[in-house]
Amino acid sequence: MRKDAKDVATLVGEVLSGLEGDPESWERRLEEIAPELIEEIHERKQPITGLPDLNVEDGCHVVLRFAPNPNGPATIGSVRGIVVNSEYAKRHHGEFILRFDDTDPRTKAPLVEAYAWYLDDCEYLDAVPDRVVYASDYLNEYYEYAKKLILMGAAYVCLCERDEFKRYKDAKEPCPHRNTDVDSNLKCWERMLGGGYVEGEAVLRIKTDIKHKDPALRDWAAFRIVETPHSRPEIADRFRVWPLLDFESAVQDHVLKVTHIIRGKDLMDSERRQRYVYDYLGWQYPLTLHWGRMKLHEFGRFSTSAISNAIRCGEYTGWDDPRAPTLRALRKRGITADAIRKFMIDLGISETDISLSLDNLYAINRKIVDPTANRYFFVWEPVTIAIQGAVAMIATPLCHPDRSDVREIPVGDTVAVCSADLDGVGAGERLRLKNMYDIEIVKTNPLVAKHIGGNRGEWCATEEKPRYPIIHWVAGDNVDVVVHAPDQTYEGVCEIGILSEEGNIVQFERFGFVRIDSVDFDGKKAVAYFAHR
RNA sequence: GCUCCGAUGGUGUAGUCCGGUCAAUCAUUCUGGCCUUUCGAGCCAGCUACCCGGGUUCAAAUCCCGGUCGGAGCACCA
């Protein structure tokens, strides 16, 4: 029908001109003769958002993995890998593996503590792995596959200097070791394993196509000698020949029966390199999906080594510094796992490079946290106002606008308010102390105000909505609070009730949501971390 | 230099495979209004997008070619 579109259009025109009435009457008529078609007219494509379908056959056991190098805790980048892979495993009732790709004892040396941190972070993200694998536990297995490839003539020991090999590779020329016979290669390999070469003297290369148009694929290195001991005490100096990522990962993914690899597109060439190994050994490569480079406005690039450096030079206080792009920092600030998961899932897995703001994450978190977070008054940079004619009373602000429980705050004749709320406010001007009463400034130095309006002992502002500002305050018994935010640190005083909120996310009214990190009952102090407005 | 990916509002994202229902989805940001004993939330309204140029076709965000721009790889890092 499509190729006869012109004729069809003509025909449709003829038919249409033969009809009576308006489109509404046509629809009514259609309702009578073919009601099932009505739905089709109104049907709209359901816009799907988030992760695309994996299109797996029924009964297929899906296996996914996230494979970080534990040279630090999970960054926001790692979180994407954990969330997306674990989410697909959940959807397909499959398996989610956490594999530590820790086969570089030196350049990106694993941090012993980081293994446990990853496990803990996965748990927080509701992504507890079904299986945990340490790549550094399988050196002998990699060696066996290496030997197999050497015997097939698919791998060779290369004794070129690094630069020397690069020159051959760039010229699409084989290096002198490429055509070494199998027996000699095997001897060299044994010698490599046995310590007969020093670091840097020999590598094992996978034979690909030295004339391949993509230089990234030509005879890549699979093993090298590293004499630095591994950070895991159980491995330590037991091995000196280590596989590189492409080899280690190739073997692991096969052995673990991984069905889908979902990762950043920076590893696209990795797949092409690894396919040579898979083809030699007759294995089937998993299906792959990639996402583009992710950058956050707030952080710029976030590599583990960059954060590590920032900590070392004192720029960050630690891996959980609120300014650091790590999951530990987000956790400390009260960003919930559900919010983080949704944030990552909503990004989907488009190959477009993205640069986005954490505002999206904050908006999601706010929706989750707002319905339950208790409200408190926190006064930063406090100044004290003496109030003439004040009556002792107990103010009763709501703990939450959707609930009826209140916090009872005894008030005498002074209150503390934010100095910023008094900027430019002169004598004669009025303010409403929220949930208490209205005041009029008498003089500003020292600060004195007078109580105006209302009854005594209860909510006693004038009834009508004030035309002057409504501000919050703290009175009587209070707690010294420090709030660490990414951009600055706030110091001030807060209601005493905050002492029972350790570990909770609360809202400091007119300030934002914070997580109470620690409290000191005796010293009446608390430390909080700022989440978002 | 060689190679590989990508390009939809301020930001992300759906739609692209298989051209027409796309005068283009959803979210967020921003602006205005309502509500409100703060802020936030909620409700209503508004703004803003198919990288450029050719081609194919009755019809192109969608297919083809060429540019431009962005990212990545060409490590004895992951």
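All values below come from the heavy atoms of this structure, side chains included, with hydrogens, waters and symmetry mates left out. Chain naming here is simple, since letters A, B, ... match the order of the sequence lines and numbering starts at 1 in each.
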Practice prompt. List for me each residue that meets side chain to side chain contact (heavy atoms under 4.5 Å, CB included) alongside A:Thr228, sequence neighbours excluded, and say none if there are none.
Written response: A:Arg106, A:Val226
Item to complete: Taking only the side-chain heavy atoms of A:Asp370 (C-beta and beyond), determine which of B:rU3, B:rU11, B:rG40 contains the nearest atom.
Response: B:rG40
Worksheet item: What side chain to side chain donor-acceptor pair (under 3.5 Å) pairs are there with at least one residue in residues 168-177 of chain A, not counting sequence neighbours?
Response: A:Lys166-A:Asp170
Item to complete: Rounded to whole angstrom, note down the P distance from B:rU68 over to B:rC52.
Response: 15 Å
Under 3.5 Å, N/O pairs linking protein and nucleotides 5-8 of chain B:
residue: B:rC5; atom: O3'; partner: A:Glu351; partner atom: OE1; Å: 3.1
residue: B:rC5; atom: O2'; partner: A:Glu351; partner atom: OE1; Å: 2.8
residue: B:rC5; atom: O2; partner: A:Lys265; partner atom: NZ; Å: 3.3

Item to complete: Could you check which of B:rG12, B:rU3, B:rU11 has an atom nearest any side-chain atom of A:His297?
Response: B:rU11
Worksheet entry | Listed partners of A:Arg403 passing salt bridge (charged side-chain N to carboxylate O under 4.0 Å, His left out), at least two apart | A:Asp405
Under 3.5 Å, which N/O atoms of the protein pair with N/O atoms of nucleotides 45-50 of chain B?
none

Worksheet entry | salt bridge (charged side-chain N to carboxylate O under 4.0 Å, His left out) partners for A:Asp137, two or more places apart | A:Arg232
Worksheet entry | Pairing residues for A:Arg273 by the salt bridge (charged side-chain N to carboxylate O under 4.0 Å, His left out) criterion, not counting sequence neighbours | A:Asp246
Discussion item. Within the 4.0 Å limit for protein heavy atoms, which parts of nucleotides 73-78 of chain B are touched? Write it as a string from 5' to 3', B for base, S for sugar-phosphate only, - for none.
Written reply: BBSBBB
Worksheet item: Side chains of A:Thr75 and A:Ser78: is there a donor and an acceptor less than 3.5 Å apart?
Response: yes
Practice prompt. Report the residue (A:Ile349 or A:His400) whose heavy-atom-nearest nucleotide on RNA chain B is the more 5′ of the two.
Written response: A:Ile349
Response to the item:
Applying side chain to side chain contact (heavy atoms under 4.5 Å, CB included) to A:Lys108 and not counting sequence neighbours gives A:Asn69, A:Asn71, A:Asp104
Name the pairs: protein N/O against N/O of nucleotides 67-69 of chain B, kept only if under 3.5 Å.
none

Worksheet item: Base, sugar-phosphate, or nothing for A:Thr304, non-hydrogen atoms under 4.0 angstrom?
Response: nothing
Worksheet item: What nucleic acid atoms does A:Ser249 come within less than 4.0 Å of, heavy atoms only: base, sugar-phosphate, or nothing?
Response: nothing
Discussion item. Please enumerate all residues that pass salt bridge (charged side-chain N to carboxylate O under 4.0 Å, His left out) together with A:Glu509, with sequence neighbours excluded.
Written reply: A:Arg407, A:Lys434
Worksheet item: Listed by chain and number, what are the ring-ring contact (aromatic ring centres under 6.0 Å, His included) partners of A:Phe239, not counting sequence neighbours?
Response: none
Practice prompt. With the side chain of A:Leu356 defined as its heavy atoms from C-beta on, choose the nearest nucleotide among B:rG12, B:rU29, B:rU37.
Written response: B:rG12
